[in-house]
Amino acid sequence: MKKFSNSKNSLTAIGILSISLITTSTYAINGTLPMIRSELNLAQAQVETLVTVPSFALALLVLFSSLISTKIGES
């Protein structure tokens, strides 16, 4: 039974770290957006999409987290 508990704790820790990585990595490139735009000759809207799309995906995952949790199972 102890092994099962450690497995759930590990999955919980991995899940929390994954969410943290998603939320922080999106905004880590904000300082380089002007350089990305000039180097790749992109429009400002195209470059800003690099930050906007992951933010929307995260918002959708938060909205549907209870449904996902019931499908996967709660700890």
Side-chain angles (χ1 to χ4, degrees):
M1 189 75 164
K2 183 89 170 157
K3 234 180 189 181
F4 184 69
S5 178
N6 285 339
S7 175
K8 280 194 170 192
N9 289 339
S10 297
L11 285 175
T12 302
I14 290 170
I16 291 171
L17 290 173
S18 298
I19 291 169
S20 174
L21 180 67
I22 290 170
T23 58
T24 58
S25 64
T26 302
Y27 302 106
I29 64 166
N30 276 344
T32 61
L33 288 179
M35 188 177 7
I36 291 171
R37 180 179 179 223
S38 65
E39 289 294 320
L40 299 176
N41 296 323
L42 299 172
Q44 185 69 25
Q46 291 173 315
V47 176
E48 289 174 353
T49 303
L50 291 172
V51 177
T52 306
V53 170
S55 297
F56 282 133
L58 184 63
L60 287 174
L61 283 173
V62 168
L63 286 174
F64 294 113
S65 64
S66 62
L67 178 65
I68 294 169
S69 177
T70 55
K71 291 286 185 186
I72 295 174
E74 295 181 18
S75 55

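Model, not experiment: these values are computed from the prediction.
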Value rounded to 0.5 Å, distance of OG1 in T12 from CG in L17: 11.0 Å
T70 versus L67, closest heavy-atom pair with distance: OG1-O, 2.8 Å
Within one Ile-Leu-Val-Met-Phe-Trp-Tyr cluster: L33 and L40, side-chain cutoff 4.5 Å: yes
Spacing of CZ belonging to R37 relative to OG1 belonging to T32, to within rounding of 0.5 Å: 14.0 Å
Separation of I29 CD1 from M35 CE (nearest 0.5 Å): 11.0 Å
V51-V47 co-clustered via ILVMFWY side chain contacts under 4.5 Å: yes
From CD1 (I36) to CG (L42), nearest 0.5 Å: 9.0 Å
